[in-house]
There are 2 protein chains.
Amino acid sequence: MSKVTLEDVSRAAGVSRSTASLVLRGNTRIPESTADRVRLAMAELGYVYNRHAANMRRRESMTLGLIVTDIRNPYFAGLTMSIEEAAHQAGYNLFVGYSRDDVERQYVQLETMVQQQVDGVFLLPATGSELSPVCGIVDRSEVPVLQLARYFSDELDYVGPDNLLAGQQLAQHLSSLGVGSAILIGGPEPSSARAERIRGLEAGFAGSGVSFDPSVSAATTNNAAGGSEGIAGILDQGIWPDCLIAYSDAVALGIYAELRRRNLEPGRDVSVASFDDITMAELLLPPLTSVATYPERIGREAAELLLKRIRDPSMAPQRSHISPALKVRASTAQWRPRP
Amino acid sequence: MSKVTLEDVSRAAGVSRSTASLVLRGNTRIPESTADRVRLAMAELGYVYNRHAANMRRRESMTLGLIVTDIRNPYFAGLTMSIEEAAHQAGYNLFVGYSRDDVERQYVQLETMVQQQVDGVFLLPATGSELSPVCGIVDRSEVPVLQLARYFSDELDYVGPDNLLAGQQLAQHLSSLGVGSAILIGGPEPSSARAERIRGLEAGFAGSGVSFDPSVSAATTNNAAGGSEGIAGILDQGIWPDCLIAYSDAVALGIYAELRRRNLEPGRDVSVASFDDITMAELLLPPLTSVATYPERIGREAAELLLKRIRDPSMAPQRSHISPALKVRASTAQWRPRP
DNA sequence: CTGTTAGCGCCTTCAA
DNA sequence: TTGAAGGCGCTAACAG
């Protein structure tokens with residue numbers, strides 16, 4: 001029975017309600033003996049602090065929302081876990097919703113979170129997200145929204161990997177290997193992340209003589225099925241580049257599998273590289289060259305920024321880019337140019 | 001400004017507050033013309049329904065809590081996503097906490113969820129969970145707790161895989177292959193799931209002549225690192241069984257990697273099998289034999305049960321076991337007895 | 001340091 | 001059908 005109220009506690013402890021309330025909030029001006037008596041009474045009566053009631057007055061709920069597309073991709077799982085950790089550390093509880101990359105679903109989730117009075121929302125936007133519907137939902141309550149890993153608006157905060165640099169690092173590595181041609185496989189077409197990675201790759205390949213045409217590759221879902229589909233589409237056209245650049249490690253897993261279905265061996269018949277560097281990349285055979293994008297750091301940084309934004313809603317929109325790091329492994333390092 | 005209240009709306013629409021409230025809840029006895037006027041006013045004023053305020057009166061928050069250990073394991077990620085889906089479908093928002101298999105952390109998360117007035121909690125218990133601290137936190141508010149995938153008490157509801165049957169199915173498959181000896185690798189020692197899988201394996205191997213001694217294998221964390229560590233411990237003792245049974249696919253991934261570091265090939269030098277059948281199992285080389293335990297079904301079933309429990313707190317504790325299905329793949333099927 | 005008072009926004013009840 | 005009133009549990013503001 002969550003029926004034990006602060007009033008009951010204060011009565012049992014022989015103090016006023018305001019005193020009990022102050023003890024709860026750790027006020028130091030209350031003498032220790034009184035505070036102890038109050039705490040004892042709370043324990044004995046089985047008192048449970050009701051945050052909803054507190055919220056009615058304080059106008060903050062100590063909850064945050066997180067909407068991501070799909071956590072079966074370990075990259076997003078790591079991101080989610082680090083955000084949860086930072087939120088809890090700051091005393092917030094976290095509502096989580098999975099949009100499954102469906103915009104409508106995402107908007108519904110955003111709406112219910114706003115109704116639940118969240119103090120802020122981390123949004124890893126579904127493809128097709130736009131500012132105006134988001135604002136329509138959010139502006140009425142002035143809930144700050146932070147864009148995670150992908151962005152669709154300059155007016156909202158953003159924290160994500162430095163995709164441009166990541167693309168550049170990877171391209172430079174590949175051209176140094178003597179790769180003659182490379183193709184990007186998969187990834188959600190309209191995402192800022194994919195566009196940035198492409199721009200980075202183009203910049204990195206510039207002047208190296210490596211042929212790289214981003215328009216060849218079709219967009220796919222960001223998972224293994226997308227990778228299989230993407231590489232199948234390329235091979236079925238009779239195209240056979242020296243290097244396959246997966247949009248992400250999740251996509252690369254599908255590329256490995258599809259290559260083998262066709263009796264091709266990744267790392268030998270074609271080099272393969274990717275982005276994210278999830279744990280699995282290193283454990284695959286051959287180990288997968290990947291650009292680490294550090295989801296844990298992105299999560300920590302995002303939490304820090306959103307909390308700052310909650311404190312100061314008038315601050316100008318911020319963008320934060322986390323530096324990537326290339327991890328060279330056998331999937332590219334063992335590959336040799338065809339004679 | 002979540003300052004627009006139902007009173008403002010009713011004033012603007014020229015109706016009473018109770019009428020506006022009834023429109024919100026979809027009452028049909030209100031004439032459509034009136035309802036439309038109210039809805040129009042809500043839209044024009046930018047009204048946001050405040051669930052906290054509603055909760056003060058209705059004594060339900062329309063929120064549920066979910067505490068899992070770690071979603072970087074795709075098995076738990078799938079479980080989490082299916083629970084979120086079912087919760088949203090039923091109109092609930094979901095608080096999520098990751099215990100990282102730390103009991104103390106788990107208790108803190110449980111406590112803050114209770115303070116947030118959750119109507120129920122899904123708990124995938126951290127190793128070392130016990131009934132009395134959980135009850136200490138939960139009983140005061142009478143929040144129902146459902147045990148997910150592992151259990152530590154008969155007094156709480158439970159939904160998880162039928163681990164006994166899963167172990168049996170796998171053992172029978174292995175003995176039919178002519179395996180002479182098998183060892184279980186990894187998994188959290190004190191978990192009900194591990195104990196049940198062992199019992200199932202023992203039952204399945206009984207009378208087959210396959211040597212299987214569960215005491216040989218050390219417990220580990222439920223991830224790739226645990227798998228590598230587990231198999232390393234076995235091989236370093238000079239033990240070399242015909243078959244390695246991983247506690248889970250996540251563990252199996254580490255086994256594959258460690259075997260290869262030692263120039264052993266899974267599926268040829270030793271057969272490997274596992275539990276869970278996450279997407280990756282099929283994509284590995286060699287594809288991994290695994291017993292599917294269907295996290296999506298478990299999640300759906302769990303959500304159904306918890307919602308029923310919320311409606312009827314006096315119901316006797318329920319346990320629900322989801323049937324597994326063996327997926328035979330090359331990691332065992334291609335293995336041949338050593339001469 | 002304590003007690004009192006007045007809400008936060010909504011829902012329920014009762015009377016009109 | 002509508003209006004008025006009371007209260008959910010807490011906190012803030014003020015007067016003792």
Side-chain angles (χ1 to χ4, degrees), chain A residues 1-38 41-42 45-63 112 114-119 140-143, chain B residues 1-38 41-42 45-63 112 114-119 140-143:
Chain A
M1 299 279 201
S2 165
K3 273 186 197 155
V4 181
T5 145
L6 253 196
E7 180 162 5
D8 302 333
V9 170
S10 56
R11 197 171 324 160
V15 299
S16 74
R17 255 179 295 171
S18 31
T19 311
S21 180
L22 289 175
V23 169
L24 215 52
R25 315 202 53 214
N27 190 303
T28 48
R29 294 182 312 185
I30 305 282
E32 263 312 302
S33 61
T34 312
D36 281 344
R37 210 144 33 91
V38 171
M42 293 200 297
L45 298 177
Y47 170 72
V48 176
Y49 181 65
N50 184 331
R51 293 196 181 202
H52 279 192
N55 172 232
M56 292 285 287
R57 298 285 336 213
R58 311 248 337 257
R59 308 194 138 279
E60 62 174 352
S61 66
M62 297 311 282
T63 63
T112 67
V114 168
Q115 292 184 356
Q116 290 281 6
Q117 312 294 112
V118 290
D119 295 331
R140 294 171 281 170
S141 342
E142 293 183 345
V143 173
Chain B
M1 304 268 205
S2 166
K3 271 187 199 156
V4 180
T5 144
L6 253 196
E7 179 162 4
D8 302 332
V9 171
S10 55
R11 197 170 326 159
V15 299
S16 74
R17 257 177 293 174
S18 34
T19 310
S21 180
L22 289 176
V23 169
L24 215 52
R25 315 202 52 216
N27 191 304
T28 47
R29 292 182 312 184
I30 306 281
E32 262 314 302
S33 61
T34 312
D36 281 343
R37 211 143 30 90
V38 171
M42 296 200 295
L45 298 176
Y47 168 73
V48 176
Y49 181 67
N50 184 332
R51 292 195 182 204
H52 279 191
N55 172 231
M56 293 286 285
R57 298 279 340 208
R58 312 242 342 249
R59 308 196 137 278
E60 62 174 352
S61 66
M62 296 311 283
T63 63
T112 65
V114 168
Q115 291 184 357
Q116 289 281 8
Q117 313 295 111
V118 290
D119 295 332
R140 295 171 282 170
S141 341
E142 295 183 341
V143 174

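Computed from a predicted model, the values in this text were never measured in an experiment. In what follows, every chain begins at residue 1, and chains take the letters A, B, ... in the order their sequences are listed.
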In whole Å, I'd like the distance from the [atom1] atom of [X] to the [atom2] atom of [N].
X: Gln117(B); N: dG9(D); atom1: CD; atom2: C1'; answer: 9 Å
X: Asn55(B); N: dG7(D); atom1: CG; atom2: P; answer: 19 Å
X: Gln115(A); N: dG9(C); atom1: CD; atom2: C1'; answer: 14 Å
X: Asn50(A); N: dT11(D); atom1: CG; atom2: C1'; answer: 13 Å
X: Glu7(B); N: dT2(D); atom1: CD; atom2: P; answer: 17 Å
X: Arg11(A); N: dG3(C); atom1: CZ; atom2: P; answer: 12 Å
X: Leu6(A); N: dC10(D); atom1: CG; atom2: C1'; answer: 7 Å
X: Leu45(A); N: dG9(D); atom1: CG; atom2: P; answer: 14 Å

Nearest-nucleotide pick for [X], side chain only, options being [options]:
X: Tyr47(B); options: dT13(C), dT5(C), dC10(C); result: dC10(C)
X: Arg57(A); options: dG9(D), dA13(D), dC10(C); result: dG9(D)
X: Thr19(B); options: dA6(C), dT2(C), dT2(D); result: dT2(D)
X: Thr5(B); options: dA13(D), dT11(D), dG9(C); result: dG9(C)
X: Arg59(B); options: dC8(D), dT4(C), dC10(D); result: dC8(D)
X: Ser21(B); options: dG3(D), dC11(C), dC10(C); result: dC11(C)
X: Arg58(A); options: dC10(D), dC11(C), dT11(D); result: dT11(D)

- Query: Can you find a pair of side-chain heavy atoms, one from Asn50(A) and one from Gln117(B), that are under 4.5 Å apart?
  - Reply: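 They are in side-chain contact.
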- Query: Going by heavy atoms in the side chains, are Ser21(B) and Leu6(B) under 4.5 Å from each other?
  - Reply: yes
- Message: Please find the pair of heavy atoms, one from Asp8(A) and one from Val4(A), that lie closest to each other, and give the distance.
- Response: OD2-CA, 3.5 Å
- Select from Arg17(A) and Ala53(A) the residue whose nearest nucleotide in DNA chain C is closer to the 5' end of that strand. Arg17(A)
- Item | Candidate list Gln115(B), His52(B), Arg51(B), test side-chain hydrogen bond (donor to acceptor under 3.5 Å, both in side chains), partner His52(A), passing option |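 When Gln115(B), His52(B), Arg51(B) are each tested with His52(A), the side-chain hydrogen bond (donor to acceptor under 3.5 Å, both in side chains) holds only for His52(B).
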- Query: NA contact type, Arg51(A), heavy-atom cut-off 4.0 Å: base, sugar-phosphate, or nothing?
  - Reply: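 No contact at all - Arg51(A) keeps every heavy atom at 4.0 Å or more from the nucleic acid.
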- Hey, which of these two, Thr34(B) or His52(A), hits DNA chain D nearer its 5' end, going by closest nucleotide?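 Here Thr34(B) is the residue nearer the 5' end.
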- Query: Relative to the 5' end of DNA chain D, which residue comes earlier, Met56(B) or Ser16(B), by the nucleotide with the nearest heavy atom?
  - Reply: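 So the residue in question is Ser16(B).
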- Among Val23(B), Thr5(B), Val15(B), which one satisfies side chain to side chain contact (heavy atoms under 4.5 Å, CB included) with Ser10(B)?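 Testing each of Val23(B), Thr5(B), Val15(B) against Ser10(B), the sole residue satisfying side chain to side chain contact (heavy atoms under 4.5 Å, CB included) is Val15(B).
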